[in-house]
Amino acid sequence: MRHPLVIGNWKLNGNKHIVIELIAALRNELSSVVGCDVAIAPPIAYLDLAKHYLGGSRIALGAQNVDTHLSGAFTGEVSAEILKDIGAKYIIIGHSERRTYHKESDDVIAEKFAVLKEAGLIPVLCIGESKVENEAGQTEAVCAHQIDAVLNSLGAKAFENTVIAYEPIWAIGTGKSATPAQAQAVHKFIRDHIAKHDAAIAEQVIIQYGGSVNADNAAELLTQKDIDGALVGSASLKADAFAVVVKAAVQANQD
Ligand code: PGA
């Protein structure tokens, strides 16, 4: 049985005050909520602060990126070892914003996946198609290609205890999420694709949906069979909205 997982991707937002306030509000909203794993991924400079204020709560710490190198002359980067040292658990890799603005290739993302596994951290591998690819009927081909970069280099077993986030690029930050049926179809495709290599691994891998998830659409999306949680961007900056998403994940798992 897969356990739902909701992660807040704060992206490049916040300051010390906001980190402290938002965590306090989240702790309050989620104090009695069980049945869903929850994490927040603040900007890297605030990870230590966030870890401190999350202390004693069930909310885990995530990060938004990692370098492929473990140490050395790589100015401006952060390693898996440092993220582990600081207490992060879930590390987002391959987000479309990094693929687009930082030209990250599938090969580099597969390397990041490998260093995270090696460090005992949990990769959250983001995949998804653009609007043009979607309209050209290439959604499945794009997702398969992005997953194959990891499957072909590391094998299906590498997906044990990891997370995939299906995030159609056209749905990110647009307020226009995929419909539950659309998302479910792609999630099933992703799981079946991995199952061709290893059915047991495919059955346990957590596949989150991301892209304009909010308090209004979460319940419908999360009740889909192959949607195991959500990667939430803008709605994760509001404690009440994020809590609704988490509670929807708990509810969906009970139905
Ligand atoms: P959004 O972002 O919820 O603001 O669409 C999701 C993401 O990019 O992870």
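For the numbers below, each heavy atom of this structure counts, side chains included, while hydrogens, waters and symmetry mates do not. Read the numbers this way: they start at 1 and go in the same order the structure lists the ligands and their atoms.
Salt bridge E203/R191: absent, no basic N to carboxylate O contact under 4.0 Å.
Of the heavy atoms in I172, both backbone and side-chain atoms come closer than 4.0 Å to ligand 1.
Below 4.0 Å from some heavy atom of N9 lie the following atoms of ligand 1, by number and element: 9 (O). Close approach to H95 involves these atoms of ligand 1, each under 4.0 Å from a residue heavy atom: 7 (C), 8 (O), 9 (O). Listed by number with element, the atoms of ligand 1 under 4.0 Å from a non-hydrogen atom of L231 are 9 (O). The distance from ligand 1 to the heavy atoms of G211 drops below 4.0 Å at these ligand atoms: 5 (O).
The closest side-chain donor-acceptor pair between N65 and K112 falls under 3.5 angstrom.
Closest heavy-atom approach to atom 5 (O) of ligand 1 within the set G233, G128, G173: this belongs to G173.
Using a 4.5 Å heavy-atom cutoff, the side chains of R58 and V38 are not in contact.
F242 pairs by the ring-ring contact (aromatic ring centres under 6.0 Å, His included) definition with nothing, not counting sequence neighbours. Applying the salt bridge (Lys or Arg N to Asp or Glu O under 4.0 Å) test to K238 and every residue at least two apart in sequence or in another chain returns nothing.
A donor-acceptor contact shorter than 3.5 Å links the side chain of R99 to the backbone of C126.
Remark: minimum distance from atom 4 (O) of ligand 1 to any protein heavy atom is reached at S234 N, 2.9 Å. What sits closest to atom 7 (C) of ligand 1 on the protein, heavy atoms only, is E167 OE2, 3.1 Å.
Residue T174 has no N or O atom closer than 3.5 Å to an N or O atom of ligand 1. Considering backbone and side-chain atoms alike, A235 places every N or O at 3.5 Å or more from each N or O of ligand 1.
Ring-plane geometry between Y209 and H187 is classed as tilted, the angle between the planes lying from 30 to 60 degrees on a 0 to 90 degree scale.
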